[in-house]
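Just so we're clear, the structure is a prediction, and the values are computed from it rather than from any experiment. Letters A, B, ... mirror the listed sequences (proteins, then strands); counts begin at 1.
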2 protein chains.
Amino acid sequence: MSHTAYDELCRRQLRLHRLNHLQSIAGWDQSANMPSKGNEARSEAMAEMGGLIHQLATDPQLKDLLARAEQEQLDEVQGANLREIQRSWRAANALPQALVEAKSLAASRCEHAWREQRQRNDWAGHVDGLREVVRLAREEARHLAEASGLSLYDALLDQYEPGMRSTEVDRVFGDLRQWLPGLIQAVGAKQAKEPTLEPQGPFPKSAQRALGEDAMRLLGFDFEAGRLDESAHPFCGGVPEDVRMTTRYRVDSFLPSLMGTIHETGHGSYEQGLRRDWLGQPIAQARSMGLHESQSLSFEMQLGSHPAFVELLRPLIVKHLGDQPAFESANLHRLMTRVQPGTIRVDADEVTYPAHVILRYEIERPLIEGQIEVDDIPALWDAKMMELLGLDTRGNYKDGCMQDVHWGSGLIGYFPCYTLGAMYAAQWFAAMRREMPDLDQRIARGELGAVFDWLRERIWTQGSRWETPELVQRASGETLNPAHFRAHLQSRYLGA
Amino acid sequence: MSHTAYDELCRRQLRLHRLNHLQSIAGWDQSANMPSKGNEARSEAMAEMGGLIHQLATDPQLKDLLARAEQEQLDEVQGANLREIQRSWRAANALPQALVEAKSLAASRCEHAWREQRQRNDWAGHVDGLREVVRLAREEARHLAEASGLSLYDALLDQYEPGMRSTEVDRVFGDLRQWLPGLIQAVGAKQAKEPTLEPQGPFPKSAQRALGEDAMRLLGFDFEAGRLDESAHPFCGGVPEDVRMTTRYRVDSFLPSLMGTIHETGHGSYEQGLRRDWLGQPIAQARSMGLHESQSLSFEMQLGSHPAFVELLRPLIVKHLGDQPAFESANLHRLMTRVQPGTIRVDADEVTYPAHVILRYEIERPLIEGQIEVDDIPALWDAKMMELLGLDTRGNYKDGCMQDVHWGSGLIGYFPCYTLGAMYAAQWFAAMRREMPDLDQRIARGELGAVFDWLRERIWTQGSRWETPELVQRASGETLNPAHFRAHLQSRYLGA
Ligand SMILES: [Zn+2]
Ligand SMILES: [Zn+2]
């Protein structure tokens, strides 16, 4: 046998990569194309494939191959790839199959029931199912913590943000918590004096679609390596060689779809920008959920809601939707940056969004660590919502602790990634401005390549070569620093 | 172990069925959606999956399981399913893996080169690649013949039309060959006296698409279990629970797309009509390529070009494309039934099409049996084209023996299915008319359910329960009888 254990591991990763390609396209198709009666067969086919992939990822021979590869002479890139192969092997092997199946079943039951329970504001009906999912998530955390040596919550967080720890989250969220409520109030007072014109629809779907595609072109999206389609819940799927973005349209309002499309274009550009020569190996993959969100928020917030970018967007809007007073650039920018505390996370603006995330982090962490129970959630939610955003959610489970399906579907440890992403994005643009003092003028001149080149070099082509903290340090010259996010919000929303 | 060998075989078939589901959707997506840069990764992913499916289909344990299942007590349906499991096992195991790979490589090279060679009319450049593909197809036939005990050509034909033999093809094509050239001449003379108005375009794609979907609804297509999209080469793909049909549009002409869509709706209805309680097992699959074509031609020719059906179609055409003199029903029917000998098979009408198929059958059979060689093809082609259709193709390889890619891509033994399908379709409608003497009045009243119910009961829900000849006998009360096709053409085209 002339090839090394490392080569054999790479060969197996390539096989998994190819099979996951089919899963990814089938999943995209399920959301974007599939008629209703196809769902059962599709779910069965994808579950069969999932089982097969799991079987390949837990092949008993892997343990020995990994041990042998550790003894082989590897260069730095190979070493990083081996680290990532080990990470995914640990993730696939840490959990007993019975637990994976029990959690998947409990989560899918809880999620299915949630759809109607939420509409009926039925917390009492929801709580039993949620309790079972949380029980199994705790068990999952215990297994992952044992395998990794991390704390319970960190073991879950590490799945989405490798290398990130709750001590670090505490540090940056603690900072945010100090100044965010005051900032929200100050922005509210300032914006109350700025009247804003509402765009007058209808805005036909076909025109919105053409506008979204033009915005994607402006942002450098490669349509020979991806598409834009529709789905009920927008997402960015597919594979790096063929990115499948989705959006949804409302005929009475075009900004949600346009800004959503710009957001997903950030995710899509990250995928399209991953290195081709590593493709098929774990090291080629996007680093983490927080890093991914830092790309979508770089596109949507840092660049997309930049006053100079709005000047670039305006002619496209007029081209596809005709002109009207509300499309005047300053008014468009006011529409894009309107701040309004509200109970619903997914509708939140850039300034209030972190409050929703902090609230969830402060509940899900003690929940996993056993300091609180599922029955404690509503009272905690109400108190924190009043404290952070001044909103009363008592008795309003529907728009309170039942608004998201993350916990019910077993996704715990994920929420911090949204706000970590917003902070990373602010940090990238702060670093860009240090290195390119004329960045804002370049954006105003439509020279967006400067932004994309920076992101490509520092983030996209780095894939999973470094753990998240090291990537952040290498890209921006410092560790995660919430001061950049604060400065960004103050500058954009208070002109300070 | 409490379950039987037969149960275990069924379990494995279900797994293959589910994995093939993903292959099918990925293949459809490749034709209907995929941007160009996604092709390499998609091809690799599908090849990986193909290898995995082949590995499962040739698992050495299967031989023993099949032998044990043969000894078990099975009911009639289980017995038929076991026969089909054996058939697919033989097909997967008859060929050495090296031969499969060599043929796939030679075919894909030959096919790729053919695209430009055809444009350049370059037979001399094409012949070497084709010779290699034919050499490997002969070897394939030898292996399949050894495994099945059939003759060389029959072993290939049996892959597409199980139970059909060349003696039977000789019998029905021999009959056809007698009267077809005379019929073509007579129809030509008759139609020369019937002036036809040409529809005046342009016909926007979106209107044609809406028209096609309305025609599909008229034909009972279930849009909750399928879709219509676009691709360069129309086909019917997907899975029975989620049929993916494609068409293509020409802005200057709407009938090719409309009739093509009606054709594919026949294929799609067969798939949608397969029994759900057998799904996942080979017995649930469509019987054969000829049977499949009998459904598309039942829809396109028997029903779709029926003068009473044209009356149902006309209001849909007017609804989507507006009215014009050429849309008068009798004129539409003349447009749909225009007969014109031409060199190109895929453009051929219902009457001249069989001549193209007979010609190919009379060349590919001796080619596989070694009585002729690849270099003999052009002269034979020219002679038969003159004899059957009175057309001179000498030196015109492009529109002669290089027009189709079937042989170059290694598909030999398939061509007869097109005309077998046309004959079966005529036989179905002859049987329907015997059982329902008012069939034509029902069609005129728009009561198409009578047709669909007959096809559903006799063909769709039978799946692969019977070998083709038995299915034909059971469905229509007699074996394949070319007299029905002749009577259909005489009645429709000569009013006799
Ligand atoms: Zn996002
Ligand atoms: Zn067909």
### Task
Determine the option with the most heavy-atom pairs under 4.5 angstrom with chain A, choosing from B:L19, B:N33, B:L22, B:L14.
B:N33

### Message
So which residue, A:N39, A:L279, A:D29, ends up with the most heavy-atom pairs under 4.5 Å with chain B?
### Response
A:D29

### Contact leader toward chain B among A:E241, A:H17, A:Q23, where contacts are heavy-atom pairs under 4.5 Å
A:E241

### Message
So for B:E40, is it side chain, backbone, both, or neither that comes closer than 4.5 Å to the heavy atoms of chain A?
### Response
neither

### Message
Quick check on B:R244 against chain A: is it the side chain, the backbone, both or neither that has a heavy atom closer than 4.5 Å?
### Response
side chain

### Message
Check this for me: A:K37, atom NZ, are more than 12 non-hydrogen atoms of other residues, nucleotides or ligands nearer than 6.0 Å?
### Response
yes

### Task
Take B:M34 and A:I25 through the test side-chain contact (heavy atoms from CB on, under 4.5 Å) and record every step on the way to the result.
CA-CA 10 Å; B:M34 195 188 69; A:I25 294 297; over 6 Å; no

### Query
What are the residues of residues 44-59 of chain A, in order of number, with any heavy atom under 4.5 angstrom from a heavy atom of chain B?
A:E44, A:A45, A:M46, A:E48, A:M49, A:L52, A:Q55

#### Entry: Heavy-atom pair with the smallest gap, counting every atom of B:G38 and A:D242
CA-CB, 4.0 Å

### Task
Residue by residue, scan residues 217-235 of chain B and write down, ordered by number, those that have a heavy-atom distance under 4.5 Å to chain A; if none do, write 'none'.
B:D222, B:F223, B:E224, B:A225, B:G226, B:R227

